[in-house]
S.K.: 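I have a structure here, written as structure tokens, and I will follow up with some questions on it.
All values derive from a computational prediction rather than experimental measurement. As the structure lists them, so they are numbered: ligands from 1, and atoms in each ligand from 1.
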Amino acid sequence: MRVNKEELFDKVVNLSKRRGFVFQSAEIYGGFRSTYDYGPVGVLLLRNVKEQWWRSMVQFRQDVVGLDAAILSPPSIWEASGHLTNFTDPLVDCRECGSRFRQDKLEDPNNCPTCGSKASFTEARQFNLMFKTNAGPVIDSAAEVYLRPETAQGMFTNFTNVLNTSRKKPPFGIAQIGKSFRNEITPGNFVFRTREFEQMEMEYFVPPGDSDKWFEYWCKERMDWYLNLGMKADSLRLRIHDSDELSHYSRATSDIEFSFPWGWDELEGIANRTDYDLNRHAQASGNKLEYNDSGTGERYVPHVIEPAAGATRTAMAFLMDAYEEEEVNGEVRNVLKLDHRLSPYKVAVLPLSKKDELIEPSKEVLNLVQPHWMCDYDQTQAIGRRYRRQDEIGTPYCVTIDFETLEDKAVTVRERDSMHQDRVSINELVDYLSSRLVP
Ligand code: GAP
């Protein structure tokens with residue numbers, strides 16, 4: 001059963017801490033509100049989200065290649081991209097209590113949410129979201145560098161390098177997953193808006209006349225990705241930006257939004273960035289950034305369609321969408337009904353008892369399945385409680401070794417959602433699981 005929206009947020013935050021998905025950064029020092037650490041199961045969920053994105057955007061396509069560009073970058077990149085002037089949010093201060101807010105995110109722009117004062121805000125000023133630091137031992141303005149606020153620019157600045165080495169021609173894309181940093185005025189809603197986060201972005205370079213067609217294509221493709229990984233259709237929507245919402249580089253943008261406990265909010269933006277970025281970098285660097293077809297002699301600056309998703313935000317959305325509570329034998333069972341491709345562990349190996357005679361065959365079963373899938377092994381507590389723990393972290397299959405195993409060389413395999421149990425011969429276990437855990 002789905003949990004009502006009012007309670008869902010607290011339940012998922014609580015589960016995240018209790019079961020090791022997400023911890024507050026620097027918790028032992030009182031916590032650092034704007035960044036989070038991913039625990040033993042959280043890191044697996046996040047890796048799986050990124051892996052599924054990579055499979056669909058790179059592995060399964062011959063028209064997209066990967067990149068891993070640097071995080072530290074010189075001001076020239078951000079001057080050319082427009083981020084030094086335009087990557088700002090409107091900042092207001094409350095004159096009464098000194099709290100600072102992003103003006104466009106205030107529920108009531110005349111009421112301070114911290115102290116309740118009316119009409120106490122200063123005039124909004126534009127606050128640049130980029131983090132600046134210094135490279136090298138001399139701290140002066142010549143050594144200033146920025147932490148990238150998006151992964152995208154590395155794909156534009158490497159356009160010619162990739163074109164020359166990959167033998168691709170438009171339409172083709174460059175994909176990248178990596179950390180980005182934004183000095184958000186008001187981080188919040190758990191890992192939804194943080195100052196350090198991960199993005200999954202792809203820049204798709206197309207002939208200029210084809211950009212509208214490819215924009216539509218990528219909107220559909222990306223919606224299907226979430227649905228195919230089990231996100232509920234009524235949790236998702238595609239929202240077209242009004243013209244006054246468009247970023248400085250965009251001709252058209254649609255957001256894929258998720259129904260978060262606080263309302264619809266962005267998971268991913270799909271933008272038609274035109275030839276803005278390639279032209280800007282070409283002008284600023286003095287290098288031509290264009291496609292030259294040696295067969296037809298045609299030369300042009302490709303236009304760019306960019307599906308830009310947040311990995312950390314998406315992982316959180318999958319967690320919220322999958323969390324359910326059910327009543328089983330008069331008790332509440334919390335279960336993460338994650339698609340098995342996203343589940344942190346695919347298999348849990350559980351000896352029924354801690355007795356020595358069951359430990360050895362259990363370790364043998366573990367050794368058999370562990371090379372194929374991420375497995376958890378747990379031999380403490382009653383079996384019912386161990387099943388509940390695996391349900392709560394979304395493990396699709398629990399394999400139990402019991403005293404009969406010693407006789408029949410078989411194990412019990414329990415499926416998470418139906419709780420249905422099958423007796424499976426150890427010899428056939430890998431085949432049994434392989435047919436269900438399709439990557
Ligand atoms: N290159 C385009 C770009 O960066 P964006 O809409 O600013 O576009 C893309 O960011 C995605 O990155 C967002 O849809 C969101 O999922 C994620 N994202 C952006 N800022 C974030 C933040 N402060 N914390 C977590 N995720 C964030």
S.K.: List the closest protein heavy-atom neighbour of atom 25 (C) of ligand 1: residue, atom name, distance to the nearest 0.1 Å.
M.R.: Phe192 O, 3.0 Å
S.K.: With a 6.0 Å cut-off on the ring centroids, do Phe190 and Phe192 count as close?
M.R.: no
S.K.: How close does the nearest protein non-hydrogen atom get to atom 18 (N) of ligand 1, and which residue and atom is it?
M.R.: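 Nearest neighbour among protein heavy atoms for atom 18 (N) of ligand 1, to 0.1 Å: Phe197 CE1, 3.5 Å.
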S.K.: Under 4.0 Å, heavy atoms only, figure out whether ligand 1 is touched by the backbone of Arg195, its side chain, both or neither.
M.R.: neither
S.K.: Hey, does Arg273 sit under 4.0 Å from ligand 1 if you only count heavy atoms?
M.R.: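 Per 4.0 Å heavy-atom rule, Arg273 contacts ligand 1.
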S.K.: If you round to the nearest 0.5 Å, how far is CH2 of Trp264 from OG of Ser235?
M.R.: 6.5 Å
S.K.: Return the closest protein heavy atom for atom 8 (O) of ligand 1 as residue, atom name and distance.
M.R.: Ala308 CB, 4.1 Å
S.K.: Provide, to 0.1 Å, the distance between atom 10 (O) of ligand 1 and the closest protein heavy atom, together with that atom's residue and name.
M.R.: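 For atom 10 (O) of ligand 1, the nearest protein heavy atom is Gln199 NE2, 3.3 Å.
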S.K.: Which residue supplies the protein heavy atom nearest to atom 24 (N) of ligand 1, what is that atom called, and how far is it?
M.R.: Thr194 N, 3.1 Å
S.K.: What residue and heavy atom of the protein are closest to atom 14 (O) of ligand 1, and at what distance?
M.R.: Glu266 OE2, 2.5 Å
S.K.: Asn228 and side chain to side chain contact (heavy atoms under 4.5 Å, CB included): which single residue from Arg341, Gln52, Met223 fits?
M.R.: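 Considering Arg341, Gln52, Met223, a side chain to side chain contact (heavy atoms under 4.5 Å, CB included) with Asn228 is found only for Arg341.
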S.K.: Nearest to atom 5 (P) of ligand 1, what protein heavy atom do you find, and at what distance?
M.R.: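 The closest one turns out to be Arg182 NH2, 3.8 Å.
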S.K.: Establish, yes or no, whether a centroid distance under 6.0 Å links the rings of Phe23 and Tyr36.
M.R.: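 When the ring centroids of Phe23 and Tyr36 are compared, they turn out to be at least 6.0 Å apart.
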S.K.: Does the pair Arg333/Glu392 count as a salt bridge with the N-to-O cut at 4.0 Å?
M.R.: no
